[in-house]
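Contents: one structure, followed by commentary.
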Amino acid sequence: WRSPMEEAVSAVAQRLAEAGYFGPACIDSFVWNDNGNHRLRPRVDLNARREMSAGASTLWRRLGGRGAAYWRFYTRRKLLLPDTYRELEAVLGAEAYDAGGRSGVLLTAPLWLGPRRRPAAKAAVFFLGRDRAEVPDLDRRFRRRFEK
């Protein structure tokens with residue numbers, strides 16, 4: 001089903017981009033058995049929830065709206081993060097968010113909650129790159145450094 005699915009994804013992505021949509025999207029497809037013939041309906045439902053990406057979209061625009069961006073949530077128990085933002089930036093080194101270059105890795109959630117300093121359940125991380133190729137590389141390197 002690869003070719004018809006790629007065509008469906010391409011058409012949906014183009015329309016979403018034309019509409020100015022920025023955020024997560026999911027296309028539901030359906031395969032069924034029609035008297036021994038498997039058939040595909042590549043577009044059954046589109047789940048594109050602007051409210052899910054409103055924070056990332058707003059942040060991206062305020063940071064200049066250039067290049068490519070990806071906002072991801074990690075389950076905190078799967079990460080070994082430093083105790084402070086300063087330590088996190090030191091570990092990230094040149095990949096820490098750089099306001100001048102408007103690129104890099106930016107943690108957008110608290111490291112600790114409450115007076116007992118318990119870790120937040122999720123870590124929200126914003127990856128900003130000069131182009132689309134750079135963003136997934138930033139994510140991979142982040143996971144390599146911090147996943148348990």
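As the structure is a prediction and not an experimental result, all values here were calculated from the model.
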**Study point:** Donor-acceptor contact present, side-chain Asn33 to main-chain Gly36, <3.5 Å
**Key:** yes
Point to revise | Leu138 side chain reached by Leu128 side chain, heavy atoms, under 4.5 Å | key: no
Practice item. Kindly indicate, with the supporting measurements, whether the criterion side-chain contact (heavy atoms from CB on, under 4.5 Å) is fulfilled by Asp45 and Ile27. Key: CA-CA 6 Å; Asp45 190 21; Ile27 302 169; over 6 Å; no
Practice item. For the pair Leu46 and Arg15, evaluate side-chain contact (heavy atoms from CB on, under 4.5 Å) and give the outcome as yes or no after the intermediate values. Key: CA-CA 12 Å; Leu46 170 64; Arg15 294 275 167 75; over 6 Å; no
Review point. How about Arg39 and Val31: do any of their side-chain heavy atoms sit closer than 4.5 Å?
Key: no
Exercise for review: Answer whether the closest heavy-atom distance between the side chains of Arg77 and Lys122 falls below 4.5 Å.
Suggested key: no
Point to revise | Note, Arg72 side chain near Tyr70 side chain (heavy atom, < 4.5 Å) | key: yes
Exercise for review: Evaluate the criterion side-chain contact (heavy atoms from CB on, under 4.5 Å) for residue pair Leu106 and Leu63; output intermediate values, then yes/no.
Suggested key: CA-CA 11 Å; Leu106 179 64; Leu63 295 175; 4.3 Å; yes
Revision key, fill the gap. To the nearest 0.5 Å, atom CH2 of Trp60 lies from atom CZ of Phe126 at 8.5 Å
Point to revise | Salt-bridge present (Arg140, Glu147; N to O < 4.0 Å) | key: no
Point to revise | ILVMFWY cluster, Leu111 and Val91 together (side-chain gap under 4.5 Å) | key: yes
Check your understanding: If we only count heavy atoms from C-beta on, is the Ser103 to Tyr97 side-chain gap below 4.5 Å?
Key -> no
Review point. How far does CG of Leu81 sit from CH2 of Trp112, to the nearest 0.5 angstrom?
Key: 8.5 Å
Check your understanding: Looking just at side-chain N and O atoms, do Glu87 and Thr84 make a donor-acceptor pair shorter than 3.5 Å?
Key -> yes
Review point. Between Arg102 and Asp98, is the closest basic N to carboxylate O distance under 4.0 Å?
Key: no
Review point. Any side-chain heavy atom of Ser29 within less than 4.5 Å of one from Arg43?
Key: no
Point to revise | Hydrophobic cluster identity match, Phe30 and Met5, side-chain contacts under 4.5 Å | key: no
Point to revise | Verdict with supporting geometry, Val12 and Ser10, side-chain contact (heavy atoms from CB on, under 4.5 Å) | key: CA-CA 6 Å; Val12 168; Ser10 179; over 6 Å; no
Check your understanding: Honestly curious: do Val44 and Trp32 fall in one hydrophobic cluster under the side-chain, below-4.5 Å linking rule?
Key -> yes
Exercise for review: Identify which one of Phe146, Phe73, Tyr74 satisfies the side-chain contact (heavy atoms from CB on, under 4.5 Å) criterion when paired with Val125.
Suggested key: Tyr74
Practice item. For residues Arg141 and Arg144, determine if any side-chain heavy atom of one lies less than 4.5 Å from a side-chain heavy atom of the other. Key: yes
Check your understanding: Quick one: does His38's side chain get under 4.5 Å of Trp1's, heavy atoms only?
Key -> yes
